[in-house]
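Single-structure report; data block below.
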Number of protein chains: 2
Amino acid sequence: MLHRVATVLPDLSIRQFEYLVAVAEHPTWADAADQVGVSASALSQGLAELERRMGVPLFEREGRRRVLRPGATTVLDHARQVVALSTDLARWADRAKNADVGAVRLGMIDVAAVHHFPDKLEEYRRIHPDVDFRLRVAPSADLVEQLRSSQLDLIICVEPKEEIPGTTVQHAMTEELAIYRPDTKRLGPVEKWGPWVLFPEGSHTRALISHELRRAGASIDVVAESHQPDVLIEMVQLGLGWTVLPVAQAEAGARPLRRGRILTRRNLVAMMRSGSAPDPAVAALRSTLFPST
Amino acid sequence: MLHRVATVLPDLSIRQFEYLVAVAEHPTWADAADQVGVSASALSQGLAELERRMGVPLFEREGRRRVLRPGATTVLDHARQVVALSTDLARWADRAKNADVGAVRLGMIDVAAVHHFPDKLEEYRRIHPDVDFRLRVAPSADLVEQLRSSQLDLIICVEPKEEIPGTTVQHAMTEELAIYRPDTKRLGPVEKWGPWVLFPEGSHTRALISHELRRAGASIDVVAESHQPDVLIEMVQLGLGWTVLPVAQAEAGARPLRRGRILTRRNLVAMMRSGSAPDPAVAALRSTLFPST
DNA sequence: AGCATAGTTCAGTGTTTCTTAACTATCAGT
DNA sequence: ACTGATAGTTAAGAAACACTGAACTATGCT
């Protein structure tokens, strides 16, 4: 066996990690101290001690404020992961102590909740009436953040470009994205496609759409953005612009768009925290959503 | 945003997790105390306090010994993961403080080290002469254990049947496994294949081989087992039995077997701890082994 | 210049974690 | 059955740690 590397662990505590995560998520250290339930001086001293034990500076001054250095992201990611895993363990212990099934908190992007999985969710609820089941519908980036900070147990989101540290991913499904134009417009040559009403800059799907439109030779003149597909559909109906949407979303509902031209596909994935304490109710949900696993 | 679940984190410490991992890995609590550098009574009191804070019993008596309860596996897995991630963070801090590239510890099963990746490993060493590079060759299960306890940074192993908590996996390659028989024997009908000399019961590949032989209709009369392919090859050469081995291994080397009949394929994967503090030298190794990623 | 705000330092208190010594229960050898 | 060795526990005390509230410093706004 390889000799264990002679790195002595600094004596860090979960408490200090909670302080670090709190200051990252709040505008002031006083707010952060309130949230973790200590005085501002306890938090200040605790974070100073964390820096001392790591031997690496984590904060710099911006006027009278202390802010995280860019180089501290590694420590913050670690802190966030350890706090999230500790929360999972505490919830596991609560379930064990109380012979209780606990709560299950699922996050989904809207198309998954409304179009792809409503039957499965209904089935899960029917089979597990005792589970405190909660569904959160939000864009992918928000869901990923809430997963990482142990506010969600499982999420169905658009596959991110890069691996999210501390998570495991399982392919959920592939769906098609198609181009939709106002009724008064003909498809015409690629160069004349648009103007566009699209998902916002920065979203996973927007990046994919932009890439594929450029590849096809279309210009990308964006006149409006929204996270909400219904809003984009409405804009197309009103003749305000062209859009790209999941077929399942665009061609269903109260005011469906006419059949669109397939542009590309995107993957939806199921994502969980890696290594979190097992939760049978979450495992059962996973089996309901993906029977073949 | 969902209201944060009202679970208060017990005030656990990394130290207590180190104690727990140490007692799991040593025959006695005195040995465990020695390894973590405290007295036996400190360890005893520390673990009692851990049980108290978790509110869940972790140990039971076997005579004068205390042993982990089966139900404590969840807490032990959590402890092991948090200690491993903390070790990674400490090594990250050491690299940051000392402007040092540190050590890279790679584990590989033998066929990967000897047949599939020797050129890439040589390339990596040539490009990164300053990296303290160490290669450990061992069976998959040993490699997984060492990865989980932060004794290895990256491993190439046979794809496990089930997800290993706290790890991420990337497909490395697929290789063929073929049947090899002594020269004096003809292939003949399936029912007459064997007797067999195979990898040991319990290994990933053995499970796959057994499954596929049964599917083909062969009996599985195993007369010898070994982890070492060279030993299995030698036994076939000596006429002691038939075997199933990776083609790359069986048909190369000093005394190659004659071309075998393909039975199945197995996947090799690259596995790392999920969410560990980034290490540029390990990232570089990964890029060398898998250029397209 | 004066006041408000963000965070820090100080001194004191209570808690935690370790030590050594003494102890209890179990086991092996005779 | 007895004795000595072994595995782990408990008690008491010391040192270190983590928190509090008060007083402080530096920054920012009016």
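Separating the NE2 atom of H26(B) from the P atom of dG8(D) is a distance of 12 Å, rounded to the nearest angstrom. Distance D11(B) CG to dT17(C) C1': 12 Å, rounded to the nearest Å. dG4(D) atom P lies 16 Å from atom CZ of R64(B), rounded to whole Å. Atom CH2 of W29(A) and atom C1' of dC19(D) are 17 Å apart (whole Å). L43(A) has its CG atom 15 Å from the P atom of dG21(D), to the nearest Å. Taking atom CD on Q45(B) and atom P on dT10(D), their separation rounds to 9 Å, with Å as the unit. Distance, L47(B) CG to dT9(D) P: 8 Å, rounded to whole Å. The interatomic distance linking L50(A) (CG) with dA18(D) (C1') rounds to 14 Å, in whole Å.
Side chain to side chain, S203(A) and T205(A) fail the donor-acceptor criterion of an N or O pair below 3.5 Å. Side-chain contact, R273(A) with Q81(A): no donor N or O sits under 3.5 Å from an acceptor N or O.
Residue S44(B) has a polar side-chain atom (N or O) positioned under 4.0 Å from OP1 or OP2 of dT9(D). Between R61(A) and dA6(C) there is no side-chain polar atom (N or O) within less than 4.0 angstrom of OP1 or OP2. Look at Y19(A) and you won't find any side-chain N or O under 4.0 angstrom from OP1 or OP2 of dG7(C). Phosphate contact (OP1/OP2 of dA16(D), side-chain N/O of R53(A), threshold under 4.0 Å): absent. At dT8(C), one or more side-chain N or O atoms of R66(A) fall inside 4.0 Å of OP1 or OP2 (strictly under the cut-off).
Of all nucleotides listed (dC18(C), dT9(C), dT10(D)), dT10(D) comes nearest to the side chain of S41(B).
What you find for I14(B) and S86(B) is that their closest heavy atoms are CD1-OG, 3.8 Å. Between A84(B) and S149(B), the shortest heavy-atom distance links the atoms CB-C, 4.3 Å.
Between W29(A) and F59(A), a ring centre-to-centre spacing shorter than 6.0 Å is recorded.
S13(A) comes within 4.0 angstrom of nothing in the nucleic acid, heavy atoms only. At the heavy-atom level, A42(A) lies under 4.0 Å from base atoms of the strands shown. Looking at heavy-atom distances under 4.0 Å, T28(B) makes contact with sugar-phosphate atoms alone, never a base.
A salt bridge is absent between R91(B) and D94(B): the closest approach of a Lys/Arg side-chain nitrogen to an acidic carboxylate oxygen does not fall below 4.0 angstrom. Ion pairing between E62(B) and R69(B) fails under the 4.0 Å rule for side-chain N and carboxylate O.
Inter-axis angle, ends of the helix from dA1(C)-dT30(D) to dT30(C)-dA1(D), five pairs per end, rounded to 10 degrees: 30°.
A side chain to side chain contact (heavy atoms under 4.5 Å, CB included) with L143(A) is found for exactly one of L154(A), I109(A), V137(A), namely I109(A).
Between S39(A) and R65(B), the one whose closest nucleotide on DNA chain D sits nearer the 5' end is R65(B).
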